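None of these values were measured; they are calculated from a predicted model. Because only heavy atoms are used, hydrogens play no part in the values below, and waters and symmetry mates are left out as well, while side chains stay in.
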Amino acid sequence: RERLTQMFQLGGIYQPDLYASYLQKQGISRQAFENTLREELSINKMIQLVSGSATVFEEDLRQAYMYDNEQADLKLIMVDPAAMTDVAEPTTDEIKLRFDENLDGYTVSEKRKVNYVCFDADEMAQALELTDEEIEAHYEKIKDDKFAIKPREVKVRQILFKVEFSATDDEREAIRKKAQQVMADARLEVSTFENLAALYSDDADTKQKGGDLGWFEIGSKPGPVSKALPGLKKGDISDPVADFQGYWIFKLEDEKPGKYKKLRRVRNEIVEAIMSERGIIEANETAGKLIDEVQDGLTFTAAAEAATAEIHITGFFDDKAEGLTDIPSPEAFAQTAYALWEDHQVSEIIKVDNGACVMELLEIADDHDADFEEAVPMAREELLQESRKKAARKLIDELLDKIKKGTPFETAGEEPGAELTETGYFARSRRQIPGVGFSEDMMNTAFALPPQDRKSTRLNSSHIPLSRMPSSA
């Protein structure tokens, strides 16, 4: 119990995200997990009450061990109700009857409606012009990664300023400033890079060698050095580069030229890359300018017209983006809308695929009990799910009947709508079935089967088990 409690804490504070992540990885619902935990705590409490007078024999311990560690390997025929797509559509009368039976059961969630404008990066880029100097500079920057025929070889020195995992923000910032100062000293040649590495580096492998990494091909070493080297020339010293260990600075001490594709051959590719990057920057800057103009007093409509941007209006949509159509990055769009709370409030920049958008909140429709028209899709889906579950139960019962009459288990598992799978061996104490998750009924039934029994009763709507094997003490 104490160990589990600590698993869900960070700095002694309970973290709901850690709890949710643990449950997701274990494949168990919160309610099922907490019910199991309560049961275990009750058992432990009872054990504590009687342990003072109880005598535990070695044979009891052995039997308990064998019980907990008994293993089962299940071959399952699984039928997914969602795959039962040939069920009949609910009729209008059936939907009306379901609505009448659940007058308080259907709720329309809160919805929002917005104006928005988007700035497309490709369109923004068309108005930009590039000089030969910009193209050549970009070529020099990326040629090692993109256009090398024979990679450039480099001789590099490094200095690591280590940051402990437990470091506070202030401690991390102090180390970053130290790295900046040593970088400045190296560039001003206050001392040689080799001496500075011997004095300050926290990298045990290279400290006594003055930070020497030796010769290697560009791109052959992953990590911070690969981020620092592009654009450096012989004698250059990089800015500090951060990674999980801390801050690094590098000196390109010497180099042997590589062989590259000629600029004239890759010019169009470079122009396209630069224009794409510049277009995104321009789209974000234009969106930011629109927001500034609204904050300075312009209406959203006036600011959009000044930016020659077309205004779009959505219908009502929910926080899961249901109701949004023809919207770039709909999930991000909905998330941004639900961060707004006042009519005509304007959002921050929404970064979407190939551009940027800005929205204005027009209206919030509060959640409410659904009328019949609103409830139709909910009632229809509810009835469909019930029909699919019935169809899945019917199919699994038919397959079970065939198996009991002599059809091989594997043959039954190949029937349309069925899926044959095997769990592999797992212990009773695990409390979960691989590929299935937490199911007390399935677990109990599986371990009640004699080994190699292929004719069990139906466990639930979608599973038939195969076999088990005993544990060994």
Side-chain angles (χ1 to χ4, degrees), residues 121-122 125 128-162 176 179-180 182-198 200-281:
D122 291 338
L128 303 175
E129 295 183 0
L130 294 179
T131 65
D132 290 340
E133 289 77 11
E134 288 174 314
I135 295 170
E136 185 172 347
H138 195 77
Y139 170 78
E140 291 294 330
K141 182 179 178 180
I142 67 171
K143 68 179 183 180
D144 284 317
D145 288 335
K146 298 287 186 181
F147 307 127
I149 298 172
K150 180 182 180 302
R152 177 169 57 128
E153 292 185 41
V154 292
K155 187 174 187 295
V156 176
R157 291 185 186 272
Q158 67 178 15
I159 303 175
L160 167 63
F161 301 87
K162 190 171 183 178
R176 187 192 68 80
Q180 289 276 12
V182 174
M183 175 203 71
D185 290 345
R187 288 177 176 175
L188 293 171
E189 298 183 353
V190 172
S191 182
T192 66
F193 195 93
E194 183 176 355
N195 288 339
L196 292 171
Y200 293 109
S201 184
D202 294 318
D203 182 64
D205 292 335
T206 61
K207 179 181 179 71
Q208 300 307 319
K209 299 186 293 183
D212 188 14
L213 285 173
W215 286 91
F216 58 90
E217 289 184 350
I218 284 282
S220 65
K221 285 187 179 292
V225 68
S226 66
K227 298 177 183 178
L229 289 180
L232 292 186
K233 297 178 181 178
K234 182 177 177 179
D236 284 351
I237 294 166
S238 74
D239 290 334
V241 178
D243 80 341
F244 69 96
Q245 294 187 71
Y247 294 94
W248 304 77
I249 57 176
F250 300 92
K251 179 179 181 180
L252 179 53
E253 195 164 78
D254 202 354
E255 62 181 338
K256 297 174 184 177
K259 186 177 180 181
Y260 306 95
K261 295 177 184 178
K262 298 295 184 183
L263 173 56
R264 57 184 171 78
R265 289 181 55 196
V266 297
R267 182 184 179 88
N268 289 342
E269 184 179 340
I270 290 174
V271 169
E272 184 177 334
I274 297 174
M275 295 295 274
S276 176
E277 183 179 317
R278 296 272 185 88
I280 290 173
I281 293 172

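Between Y200 and F161, the two ring planes are tilted [angle within 30° to 60°].
Listed by chain and number, the residues in a salt bridge (charged side-chain N to carboxylate O under 4.0 Å, His left out) with E153 are K150 (sequence neighbours excluded). For the salt bridge (charged side-chain N to carboxylate O under 4.0 Å, His left out) test, no residue two or more places apart in sequence or in another chain qualifies with E272. Qualifying salt bridge (charged side-chain N to carboxylate O under 4.0 Å, His left out) partners for D239, counting only residues two or more places apart in sequence or in other chains: R187. Every residue two or more places apart in sequence or in another chain that forms a salt bridge (charged side-chain N to carboxylate O under 4.0 Å, His left out) with E140 is listed here: K143.
Atom OG1 in T206 sits 8.0 Å away from atom CG in L160 (nearest 0.5 Å). Between the OG atom of S201 and the NZ atom of K209 there is a distance of 11.0 Å, given to the nearest 0.5 Å. Interatomic distance, CD1 of I237 versus CD of E253, reported as 10.0 Å (0.5 Å rounding). Going from atom NZ of K259 over to atom NZ of K262 covers 8.5 Å, rounded to the nearest 0.5 Å.
Under the 4.5 Å side-chain criterion, counting only non-hydrogen atoms from C-beta, I135 is not in contact with H138. A heavy-atom distance below 4.5 Å is found between the side chains of L128 and M275. Put simply, the side chain of L263 does not reach to within 4.5 Å of the side chain of F147, judged on heavy atoms. The side-chain heavy atoms of E277 and I274, taken from C-beta on, include no pair separated by under 4.5 Å. The shortest side-chain heavy-atom distance between K207 and D202 does not fall under the 4.5 Å cut-off.
Screening residues 242-251 for side chain to side chain donor-acceptor pair (under 3.5 Å) gives D243-W248 as the qualifying pairs, with residues at least two apart or on separate chains.
Nearest heavy atoms, M183 versus P240: SD-CD, 3.5 Å.
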**Study point:** Step-by-step side chain to side chain contact (heavy atoms under 4.5 Å, CB included) determination, D203 to Q158
**Key:** CA-CA 9 Å; D203 182 64; Q158 67 178 15; 3.2 Å; yes
Point to revise | Verdict with reasoning, D185 to S191, per side chain to side chain contact (heavy atoms under 4.5 Å, CB included) | key: CA-CA 7 Å; D185 290 345; S191 182; over 6 Å; no
Exercise for review: Check the pair V154 / D254 against side chain to side chain contact (heavy atoms under 4.5 Å, CB included), numbers first and verdict last.
Suggested key: CA-CA 6 Å; V154 292; D254 202 354; over 6 Å; no
**Study point:** Working for side chain to side chain contact (heavy atoms under 4.5 Å, CB included), residues F250 and I159
**Key:** CA-CA 7 Å; F250 300 92; I159 303 175; over 6 Å; no
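Salt bridge status for K234 with E255: absent, with no side-chain N to carboxylate O gap under 4.0 Å.
Panel note: side chain R152, backbone D144; no donor-acceptor pair is recorded below 3.5 Å. The closest donor-acceptor contact from the side chain of T131 to the backbone of E134 lies under 3.5 Å. Using modelled atom types, no side-chain atom of R278 and backbone atom of A121 make a donor-acceptor pair closer than 3.5 Å.
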Return a table of donor-acceptor pairs under 3.5 angstrom between the side chains of residues 211-229 and protein atoms on other chains or two or more places apart.
residue	atom	partner	partner atom	Å
D212	OD1	G214	N	2.8
S220	OG	E217	O	2.6
S226	OG	G223	O	2.6

